[in-house]
Each structure stands twice: as structure tokens, then as C-alpha cells.
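Encoded as C-alpha cells, the structure appears first; notes follow it.
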Amino acid sequence: MKLFNSLGRRLQELEPLEPGHIRLYTCGPTVYDRVHIGNLRTFMFEDVLRRTLQFHGYRVTQAMNLTDVEDKIIAAALKAKVDIETFTAPHVGSFFEDLATLRIERVEHYPRATEHVAEMVAMIERLQATGHAYRADDSVFFRIAADQDYGKLSGIDLDQVRRGQRVQSDEYGKEDARDFVLWKGAKEGEPRWPSPWGPGRPGWHIECSAMSQKYLGKTFDIHCGGVDNLFPHHENEIAQSESANCCPQARYWLHSEHLTVDGEKMSKSLGNCYTLGDLLDRGLSARSIRYLLLSVHYRQQLDFTFDKLAEADRALKRVDDMRFRLAHGVEKDNDPARLEQAAGDFETAFAAALADDLNTAAALGALFTFVHEVNGLIDHGLPAGGRTRVEACLGRADEVLAVLDAAAWAESTEAGGGLSDAEIDALVAARSEARASRDFAAADRIREQLSEAGVVVEDARDGSRWKRS
Ligand code: AMP
Ligand code: ZN
């Protein structure tokens, strides 16, 4: 399996430190608000990575941190007159809810920064002992000049970062403007933890260095995040961990490109900063959102539009329709060679696409070639055992995609409001009327509504039939 390593900027064969086992660290959310669909794009990429590793037979141990202490959180909690734990609790809750809605697998560890301050203090002390950190007033800074390797991930030209440039008021006392904070002395009214430098709180970067080491070891396999994490966050993590431990922190660094909306960067002022809740409130389907987030390779920007979401719906419907036909198709005493060829080609192409730096777009391409083939086979009559063979292929692909099982998604939607038989009859009748009056958009909307509730409609000459899937 090949992955694009940002460290060295090249495709590299994945070689785990321990055979058959991958230790993976993924930077998690800052829990000061509900995450937006951009954040979810990154978490989806990491879910595809995790599932692909498992698909290829690896055991995965993954940690994703929750940043639950940080400037924005402190300011917002102070404003709301609550402690940071009370302030962050609902955002932690909505984060896990969003992951579950999108079927992002739960990982082994979700460490919180506030519960690992002792580990961070220990690492800062070690950096002080090796001359990589120094105290200035109540704070501690990382001394970039003491780290010859600094910049190896991002390739940043340190001379471009002007020495002596204006520094933030709480960072006076730094030896060099480029140095970054490891420990911040507490200010009036701020949350604080005891330390050898007096009460204070950790900087953001040290969090991930300390927690990745605790859960995955001093050197682990893969470290991920969105492209904005590459510099300075990941560069600083490398500086801290490698200066403290004298060994590589992670062997592969993977970064996903950002999500934009209608070609623009998401921002509160443009009103395009959607959360998953915003999209679901508009009646959009979580399953289609997952599909859309999957459909673009992680190293390409994903431009989110409502049209693309509608396309995602149509793509899924092609699979659903084929499955419906498959369930009702007749198996005959036909030559199994054509189906075997199509199934084998699909399995090979799907696995190869994912092994090629998680090329989900190509994996979906292989899926639709297969869907097309199977539709042709159903027309001619499937060979004996054909249905089971096709379903097995789809089930295996869905271990990574987790979008193909319409029934499973419908069940989860149904929890929010199932339809009675009479309601379904009424909707099916309304759809037939819409079709008769050639209002196909309305007919499609009703079909989608039914499909979301786990109802499949089949059109025949003598009218439309439905069943719960
Ligand atoms: P944050 O809560 O800001 O630390 O972000 C959590 C994760 O979301 C990080 O890995 C970021 O790189 C990622 N992220 C932030 N904005 C976007 C975006 N617009 N598109 C994709 N990923 C993003
Ligand atoms: Zn991090």
C-alpha cells in the first residue's frame, strides 16, 4: 500500500513498525463550537484511512485528541461565566454525535488535553533539560535555534520568518520571535494547573506530542491532519517530540486538503460555514453527505455544493436500484464466467485504488463499472449463486465505504420518524400523481423521502409497488 508522505513529499510504500499493526494519530477537534463540514471532511479522510488499513488486514490502534483547553475556549467560557468543562461538554457531545451520524468508526483512544497535563509538564521538563526549552517569566518557550532539523516537514525557510518581529504581548521575553510557547503562565480568571514554573496551562502543540507518545509510543506509524495543521502545528510537534526523545515521532505524515463551499473558503461572515446539523435540518441525507465526502481524493480540495449532494444521491440510487433488481432477479443455469470476471475485476480494482494513496474516486469508479455489469447480467439472467456473489462484493467494499447499505441507513433515519403503511401508501400515490403530471422533480423528492425511511419503490406497468428494505 502506498501513501503520500508529506515528510519528503513523495509516495511511499507503507511499512509498519510492527508487522500487521498500524499505530495512527489524528489531530482532533478544538471543542469550542460544533464542528463544521470542513472538519468532518478531514475526519472522514481519516476514517477512510483507518478502514482501508483494516481492509488490507492491518490491526489499527488510533488516538484522536480533543483540544479542550485553548485561548478561544477560555475566552468563550469566561464570557458565558462557566468553567471550561461545562463549556466544552455539549461540543464534545455534538462531535461524537456527528461522527456517529456519518458512520465514522470510533477509534481506540480519545484523550483530552485537560486530562494529560502531567504528561505535558514532564515533556517540557525534559526539553528544558536538553536545552530545547527556556523559561521567560511565567511561561516556557521552545528554542528553535537549538533544533537543527526544524522545518524538515514544511520546508519553511526560517530566515523568512523575521527575527525580532512584533510578538504578542503575552509572549514578551522570548529569545527569538520564532520560538513558540510550551507553557503559558496563568492570567487572572483563567483555568490553571500546577507546574514547576508556577500555575498555568499547556500550549496547543505540546498536547499532541505528549498524548501521541502516551498512547502510541515515542515512534509510531502515521500522523494525520488537515493541511492547515502541517505548519506550524505538526512542525512544532516534530520539534518537541524528536528533541525530547531523540527518535522520529511518526514515519508517515498525511494531510488532507480543505473543503470549500461554492468555491469559497468557509467563513461565518459568508454564511457558508455549515455544520452537519445545518445540512440535516434542510432535509439532506447523512448517507449522501458521507458519499460526497468520500468521492474526492483527500489530497484534492473538495468543493461542496448542493448540486454535488444531489449527484451523490443519484449515484447511491443507482446502487440501490441495482440491489433491488438483484433481489428480484431470476437465477438461471447460465455460464458463471461473466459474473466471475466482473466480480474479480471489481475486487482487484477496488483494493488497488485504495492501496494507491486512498484513491476513493477510482474505487467508486470501479464500483459503478461493476454496477453496470451486474445490471446487464440481471437482464440476461444471473447464474446460480450470482446474487450471493454480488452481495458479497458489495459488502466487502462497504467495509471501507460504509454507504452502500441503504437498509442500515434507513433504519437510523427511521429512528427519527418511521412511516406507517398508510403514510407510505399516500406518498407512493402522490409520487404516481406527480409522475403522471410529468413533475419528475417532485416525484424524485418523494422517492428520496421514501428511500430515506427505508422504503423501496418499484415501478411496473400496472402501477408502483413498495416494500420496506
Ligand atoms: P480544529 O478544530 O480547528 O483544530 O480542526 C480540526 C481538524 O479539521 C483539523 O485537522 C483541521 O486541519 C481540519 N480542518 C479545519 N478546517 C478545515 C476545512 N475547511 N476543510 C478540511 N479540514 C479542515
Ligand atoms: Zn495535533
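Whatever order the structure lists them in is the order used to number ligands and atoms, beginning at 1.
Using a 4.0 Å heavy-atom cutoff, G28 is listed among the residues neighbouring ligand 1. Contact analysis puts H36 in contact with ligand 1, with a non-hydrogen atom separation below 4.0 angstrom.
Near L259, the atoms of ligand 1 lying under 4.0 angstrom from a non-hydrogen atom of the residue are 18 (C), 19 (N), 20 (N), 21 (C). Numbered from 1 in the order shown, with element, the atoms of ligand 1 that lie under 4.0 Å from a heavy atom of G226 read 10 (O), 12 (O). When each atom of ligand 1 is checked for a heavy atom of P29 under 4.0 Å away, the hits are 2 (O).
A cation-pi arrangement, defined by a distance under 6.0 Å to the six-membered ring centre and an angle within 45 degrees of its axis, is present between R299 and F4. For the pair R103 and W409, the cation sits on the ring face: its NZ or CZ lies under 6.0 Å from the ring centre, inside 45° of the axis.
Here the protein contributes C27 SG, C208 SG, H233 NE2 as N, O or S atoms under 2.8 Å from the Zn ion (ligand 2).
Of the polar atoms of G38, at least one N or O is found under 3.5 Å from an N or O of ligand 1, judged by distance alone.
Residues that satisfy the side-chain hydrogen bond (donor to acceptor under 3.5 Å, both in side chains) test with N272, not counting sequence neighbours, are absent from this structure.
Of the candidates N65, D228, L293, I37, D228 brings a heavy atom nearest to atom 11 (C) of ligand 1. Among N39, V31, T30, the residue whose heavy atom lies nearest to atom 14 (N) of ligand 1 is N39.
Using cut-offs of 30° and 60° for the angle between ring planes, the W253 and H255 rings count as parallel.
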